[in-house]
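This chain uses plain numbering: 1 for the first residue, then up along the sequence. Keep in mind that what you see is a predicted model, and the values were worked out from it rather than measured.
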Amino acid sequence: DHADEHAAALVDELQRLLARARRERGRVLVGVVDLDGFKGLNDRHGHPVGDLLLQEVARRLAGTLRATDMLGRLGGDEFLIVGPGPVAAPAAAAQEAARLLQQRASAATAGPYTLGALNLDYGGASVGVVAVDPTEADADEAVRLADARMYAVKRGRKSTLL
């Protein structure tokens with residue numbers, strides 16, 4: 001399956017970034033993006049509209065990333081962002097880099113969308129980004145940490161989306 005191959009390529013890239021960060025005493029930024037209200041949108045307006053939303057969100061997210069970042073679909077309505085974090089910097093600098101990426105990605109997904117005949121004012125995705133210390137987490141754990149951060153963000157948001 002094409003999506004599985006893409007997810008595998010992302011995990012490979014994450015492992016490569018973690019290995020490099022270990023050598024350089026750096027961190028890796030890992031983000032999980034979850035499209036709030038996606039199932040309801042699909043159920044109400046059909047899969048073609050859902051597919052258009054996924055494509056447009058991916059395009060908008062890609063526009064906020066650095067050249068060194070990689071974006072891919074984890075499956076369903078979730079995306080994964082991986083990229084190098086600060087090298088030989090204090091933990092606070094790494095946390096700030098994660099916070100800024102989270103803010104940019106979140107802002108990029110919100111706003112008006114034209115999805116075929118449907119005009120949608122989308123409240124945006126729930127985005128969780130963490131700065132991973134490669135001595136403390138492998139690729140699977142890094143994704144779990146970002147996923148937990150995303151769920152914390154999702155819980156903190158009002159359910160007024162879609």
Side-chain angles (χ1 to χ4, degrees), residues 1-18 27-85 95 97-132 137-162:
D1 180 36
H2 186 66
D4 290 342
E5 283 172 33
H6 201 72
L10 266 174
V11 172
D12 286 349
E13 174 68 4
L14 177 52
Q15 287 170 330
R16 197 183 66 71
L17 286 168
L18 287 166
R27 298 193 181 235
V28 177
L29 299 182
V30 182
V32 172
V33 179
D34 183 83
L35 302 193
D36 295 320
F38 184 75
K39 186 186 178 320
L41 178 91
N42 251 347
D43 292 348
R44 238 185 341 275
H45 301 288
H47 290 284
V49 169
D51 288 345
L52 288 172
L53 179 63
L54 286 170
Q55 289 164 20
E56 182 59 19
V57 165
R59 194 184 68 70
R60 291 182 187 193
L61 284 171
T64 69
L65 301 180
R66 305 164 298 172
T68 49
D69 296 330
M70 194 168 161
L71 169 73
R73 198 159 147 209
L74 271 180
D77 60 349
E78 284 196 334
F79 292 90
L80 181 67
I81 300 167
V82 299
Q95 299 312 323
R99 191 187 67 74
L100 289 172
L101 176 57
Q102 181 172 304
Q103 204 174 40
R104 280 198 323 270
S106 185
T109 63
Y113 286 77
T114 301
L115 308 170
L118 176 69
N119 291 314
L120 176 72
D121 191 19
Y122 186 53
S126 290
V127 181
V129 179
V130 292
V132 177
D138 62 8
D140 288 340
E141 179 64 12
V143 173
R144 271 197 299 277
L145 290 167
D147 204 46
R149 176 84 188 102
M150 180 275 294
Y151 275 107
V153 167
K154 186 184 282 286
R155 281 193 303 276
R157 298 180 71 192
K158 301 291 168 266
S159 298
T160 55
L161 306 173
L162 292 183

In Å, rounded to the nearest 0.5 Å, how long is the span from CG of L14 to CG of L80? 7.0 Å

Nearest atoms (heavy-atom pairs only) where V82 meets V30: CG1-CG1, 4.5 Å

Using 0.5 Å steps for rounding, measure from the CG atom of L10 to the CG atom of L74. 7.0 Å

Could you give the side-chain donor-acceptor pairs of residues 105-113 under 3.5 Å, partners two or more places apart or in another chain?
from : atom 1 : to   : atom 2 : distance (Å)
T109 : OG1    : S106 : O      : 2.9
T109 : OG1    : A125 : N      : 2.9
Y113 : OH     : T109 : O      : 2.6

Where is the tightest heavy-atom contact between V129 and Q102, given as atom of each residue plus distance? N-OE1, 2.9 Å

Please report the interatomic distance CG(D147) to NZ(K154), rounded to the nearest 0.5 Å. 10.0 Å

Tell me if a side-chain donor or acceptor on R66 pairs with a main-chain N or O of P84 at a distance below 3.5 Å. yes

For R157 and G123, indicate whether the former's side chain and the latter's backbone hold a donor-acceptor pair under 3.5 Å. yes

With the side chain counted from C-beta on, respond yes when L101 and L65 share a heavy-atom pair under 4.5 Å apart, and no when they do not. yes

Check whether any side-chain heavy atom of L52 lies under 4.5 Å from a side-chain heavy atom of H45, and answer yes or no. no

Over all heavy atoms of both residues, which pair between A146 and V32 is shortest? Give the atoms and the distance, please. CB-CG2, 3.7 Å

Determine, step by step, whether R16 and D12 satisfy the salt bridge (charged side-chain N to carboxylate O under 4.0 Å, His left out) criterion, reporting the C-alpha distance in whole Å, the side-chain angles of both residues, the deciding distance to 0.1 Å, and the verdict. CA-CA 6 Å; R16 197 183 66 71; D12 286 349; over 6 Å; no

Salt bridge check: are D140 and R144 linked by an N-O gap of less than 4.0 Å? no

Atom CG of L100 and atom OG1 of T64: how far apart are they, to the nearest 0.5 Å? 11.5 Å

With a 4.5 Å heavy-atom cut-off, do V33 and L61 have their side chains touching? yes

Testing the 3.5 Å rule here: is there a donor-acceptor pair between the side chains of S126 and D36? yes

Between V49 and L120, is there a side-chain heavy-atom distance shorter than 4.5 Å? no

Pairwise distance CG(D138) to CD(Q15) - rounded to 0.5 angstrom: 8.0 Å

Would you say the side chain of L29 lies within less than 4.5 Å of the side chain of I81, judging by non-hydrogen atoms? no

For a quick test of reading the model, state the closest non-hydrogen atom pair linking A58 to F79 and the distance between them. CB-CE2, 3.8 Å

Measuring from atom CZ of R60 to atom CG of L53, what distance do you get when rounded to the nearest 0.5 angstrom? 8.5 Å

For L54 and D77, the nearest pair of non-hydrogen atoms, with its separation, is CD2-CA, 4.1 Å

Minimum heavy-atom distance between V11 and A139, given as atom pair plus value: CG1-CB, 4.3 Å

